[in-house]
Visitor: 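I have a structure here, written as structure tokens, and I will follow up with some questions on it.
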Amino acid sequence: MSTPDHDPGLDTLLDLHGETLFVDEVGHWVKFVVLRTEVTPERPHGLSYSLTLHGPDGARLVGFDNAHPVRQRRGPGRRKRGESDHRHRFRRIRPYEYRDSATLLADFWNEVDKVLRMRGSIP
């Protein structure tokens, strides 16, 4: 796991903070919220982030964020992870292993492409 001081893609990720971009002619859009925070057990990389893809109606289709902890398993043995990094795809939430900001951006855009292909928005 990279620390903010040793993450060569961090400036690129931070520069996206506040950006909203339309990604196709249908009206799908992405939004970036990325801020430096104190390093904590929940945010060991010192970032608070939310990268999301939305449908034309505003519904979130994909999201990578660290706003809250996620459960690792279902059932009586379930437990929350210490770190809050996770990803959303439609209604499903899964833990996400944060490596560095460049990998986060690549993983996000790969997931965006998959969903847009599935929805017939891009070939």
Side-chain angles (χ1 to χ4, degrees):
M1 175 181 341
S2 294
T3 61
D5 295 331
H6 298 92
D7 186 346
L10 181 60
D11 288 339
T12 300
L13 184 63
L14 289 168
D15 285 346
L16 288 168
H17 174 70
E19 293 292 329
T20 300
L21 308 169
F22 283 89
V23 293
D24 65 12
E25 295 175 2
V26 177
H28 291 91
W29 49 280
V30 295
K31 181 178 178 182
F32 299 92
V33 177
V34 186
L35 300 167
R36 282 188 183 258
T37 64
E38 289 185 38
V39 173
T40 66
E42 296 80 24
R43 295 187 176 122
H45 35 70
L47 291 175
S48 173
Y49 64 88
S50 173
L51 287 59
T52 54
L53 166 69
H54 299 266
D57 63 353
R60 180 180 61 188
L61 305 174
V62 170
F64 283 67
D65 70 78
N66 62 351
H68 57 85
V70 294
R71 300 207 186 274
Q72 284 188 298
R73 294 180 271 160
R74 294 181 176 260
R78 69 182 178 196
R79 60 189 169 100
K80 289 185 179 180
R81 291 170 38 124
E83 298 169 8
S84 298
D85 301 293
H86 60 279
R87 60 190 174 98
H88 301 255
R89 182 170 178 178
F90 303 109
R91 294 188 179 266
R92 180 179 244 174
I93 302 172
R94 294 283 184 246
Y96 175 73
E97 185 180 333
Y98 182 94
R99 291 181 192 97
D100 57 49
S101 35
T103 304
L104 172 64
L105 280 169
D107 291 345
F108 172 69
W109 284 115
N110 285 333
E111 197 65 29
V112 166
D113 286 348
K114 288 178 193 175
V115 169
L116 293 178
R117 277 192 199 91
M118 184 180 78
R119 294 174 66 97
S121 179
I122 61 174

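Worth knowing before you read on, the calculation uses all heavy atoms, side chains too, and leaves out hydrogens, waters and symmetry mates.
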Visitor: Please lay out, stage by stage, how Arg99 and Asp107 fare under the test side-chain contact (heavy atoms from CB on, under 4.5 Å).
Guide: CA-CA 11 Å; Arg99 291 181 192 97; Asp107 291 345; 4.2 Å; yes
Visitor: Any side-chain heavy atom of Asp85 sitting closer than 4.5 Å to one from His45?
Guide: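 Asp85 vs His45: side chains touch.
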Visitor: Between Phe64 and Tyr96, does the ring centroid distance fall short of 6.0 Å?
Guide: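 Phe64 vs Tyr96: aromatic centres under 6.0 Å.
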Visitor: Using side-chain heavy atoms (C-beta onward) and a distance below 4.5 Å, is Arg119 in contact with Leu61?
Guide: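 Yes; the side chains approach each other to less than 4.5 Å.
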Visitor: Using the side-chain contact (heavy atoms from CB on, under 4.5 Å) rule, take Asn66 and Glu42 through it: C-alpha gap first, then chi angles, then the decisive distance, then the call.
Guide: CA-CA 8 Å; Asn66 62 351; Glu42 296 80 24; over 6 Å; no
Visitor: Side chains of Leu105 and Leu51: does their closest heavy-atom pair fall under 4.5 Å?
Guide: yes
Visitor: Kindly compute the distance separating NE2 (His54) from CZ (Phe22), expressed to the nearest 0.5 Å.
Guide: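 His54 atom NE2 to Phe22 atom CZ measures 10.5 Å (nearest 0.5 Å).
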Visitor: For the CG atom of Leu21 and the CG atom of Leu53, what is their distance to the nearest 0.5 Å?
Guide: 11.5 Å
Visitor: Do Val112 and Trp29 sit in the same hydrophobic cluster, where Ile, Leu, Val, Met, Phe, Trp and Tyr count as joined when their side-chain heavy atoms come under 4.5 Å apart?
Guide: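 Different clusters: Val112 never reaches Trp29 through Ile, Leu, Val, Met, Phe, Trp or Tyr contacts under 4.5 Å.
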Visitor: Donor-acceptor pair, distance only, cut-off 3.5 Å: does the side chain of His86 make one with the backbone of Pro95?
Guide: no
Visitor: Less than 4.5 Å apart, any side-chain heavy atom of Tyr98 and any of Thr103?
Guide: no
Visitor: Working to the nearest 0.5 angstrom, can you tell me the gap between Arg43 CZ and Ser48 OG?
Guide: 4.0 Å
Visitor: Less than 4.0 angstrom from a charged side-chain N to a carboxylate O is my criterion; do Glu19 and Lys31 meet it?
Guide: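 No salt bridge links Glu19 with Lys31.
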Visitor: Any chain of hydrophobic side-chain contacts (each under 4.5 Å) joining Leu16 to Val33?
Guide: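 No, it is not one cluster - the side chains of Leu16 and Val33 are not joined through contacts under 4.5 Å.
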Visitor: What is the distance from atom CG of Leu47 to atom CZ of Arg36, rounded to the nearest 0.5 Å?
Guide: 7.0 Å
Visitor: Using a 4.5 Å cut-off on heavy atoms from C-beta on, say whether the side chain of Asp113 contacts that of Ile122.
Guide: yes
Visitor: Kindly indicate whether the side chain of Val62, heavy atoms from C-beta on, has any atom under 4.5 Å from the side chain of Arg87.
Guide: no
Visitor: Side chain of His28, backbone of Val26: donor and acceptor closer than 3.5 Å?
Guide: no
Visitor: So, Asp7 side chain and Ser101 main chain: donor-acceptor pair closer than 3.5 Å or not?
Guide: yes
Visitor: Under 6.0 Å between ring centres, would you say that holds for Phe108 and Tyr49?
Guide: no
Visitor: Arg89 and Val115: side-chain contact (heavy atoms from CB on, under 4.5 Å), yes or no, with the steps?
Guide: CA-CA 9 Å; Arg89 182 170 178 178; Val115 169; 3.7 Å; yes
Visitor: Checking side-chain contact (heavy atoms from CB on, under 4.5 Å) for the pair His88/Arg60: CA distance, chi angles, key distance, verdict?
Guide: CA-CA 9 Å; His88 301 255; Arg60 180 180 61 188; 3.1 Å; yes
